[in-house]
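Positions are given from 1, in the same order as the sequence printed here.
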Amino acid sequence: MARIIDNRTSLDKTVRIFDSFYSVDAVVAADQYDIVHGYFTSVCDTKNIAANFTAVLFRISQQTGIDVLELLNEIKGTSNKLQMNQTICYYLNDLKSRSSLYGIGTVPRPVQPVARNVVQ
């Protein structure tokens, strides 16, 4: 995945991530990619899952403007995989349509008299 071009004057130290599910293309720093991917490789069961979590975390970072290493530190603060998934679901739900939510089994139903007063 890392692409390094050495023509004796410059090095390209970036990684290009293409997420085929979301059709998102991102160019990120190779050192940050190695840190994030290394963490997910250590906690996930397969390399494919680790690569997917890595791509998602960089997408969240791009969309929210939060540094990817800050997001990773927040995820590292969780004590198990369920809390890690909940943290990632929180950010993903903020990026997508409100018609469905990740990590939610039953959609909360608002009280109609109160909901009509809420301005979005």
Side-chain angles (χ1 to χ4, degrees):
M1 285 192 162
R3 182 178 57 114
I4 299 176
I5 301 170
D6 183 10
N7 60 1
R8 303 283 182 200
T9 59
S10 68
L11 290 175
D12 184 12
K13 296 180 182 179
T14 61
V15 176
R16 185 176 197 154
I17 301 171
F18 179 72
D19 185 359
S20 58
F21 183 77
Y22 293 107
S23 298
V24 174
D25 193 19
V27 177
V28 298
D31 57 344
Q32 290 181 343
Y33 180 85
D34 289 339
I35 292 168
V36 173
H37 190 263
Y39 172 74
F40 283 124
T41 302
S42 69
V43 297
C44 293
D45 296 333
T46 66
K47 290 183 180 182
N48 191 21
I49 294 171
N52 288 337
F53 271 116
T54 302
V56 164
L57 198 67
F58 278 102
R59 180 171 182 258
I60 291 169
S61 175
Q62 278 185 333
Q63 295 291 323
T64 61
I66 301 171
D67 184 46
V68 72
L69 297 179
E70 288 180 31
L71 289 171
L72 183 64
N73 285 335
E74 185 175 335
I75 290 171
K76 282 183 180 179
T78 60
S79 60
N80 58 31
K81 290 181 184 179
L82 180 61
Q83 287 181 342
M84 178 181 77
N85 288 339
Q86 287 175 337
T87 303
I88 292 174
C89 285
Y90 170 78
Y91 286 108
L92 283 178
N93 285 334
D94 193 40
L95 300 179
K96 60 187 276 316
S97 169
R98 300 287 183 234
S99 62
S100 64
L101 300 173
Y102 295 122
I104 306 292
T106 58
V107 178
R109 304 239 182 248
V111 178
Q112 289 303 324
V114 175
R116 67 178 179 198
N117 295 330
V118 176
V119 179
Q120 290 188 12

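- Once rounded to the nearest 0.5 Å, the distance linking SG of C89 with CD of Q83 reads 13.0 Å.
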(Q) Quick one, V68 with V28, criterion side chain to side chain contact (heavy atoms under 4.5 Å, CB included). Give me CA distance, side-chain angles, the key distance, then yes/no. (A) CA-CA 10 Å; V68 72; V28 298; over 6 Å; no

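- Taking CZ of F53 as the reference point, atom CD1 of I88 lies at 4.5 Å (rounded to 0.5 Å).
- Side-chain contact between L57 and I75: present, with at least one pair of heavy atoms (C-beta onward) separated by less than 4.5 Å.
- In this structure, L69 and I35 have side chains that are in contact, with non-hydrogen atoms separated by less than 4.5 Å.
- A 4.5 Å side-chain heavy-atom check between Q32 and L72 finds every atom pair outside the cut-off.
- Here the OG1 atom belonging to T87 is positioned 11.0 Å from the CG atom belonging to L92, to the nearest 0.5 angstrom.
- Checking E74 against Y91 by side-chain atom types alone, a donor-acceptor pair falls below 3.5 Å.
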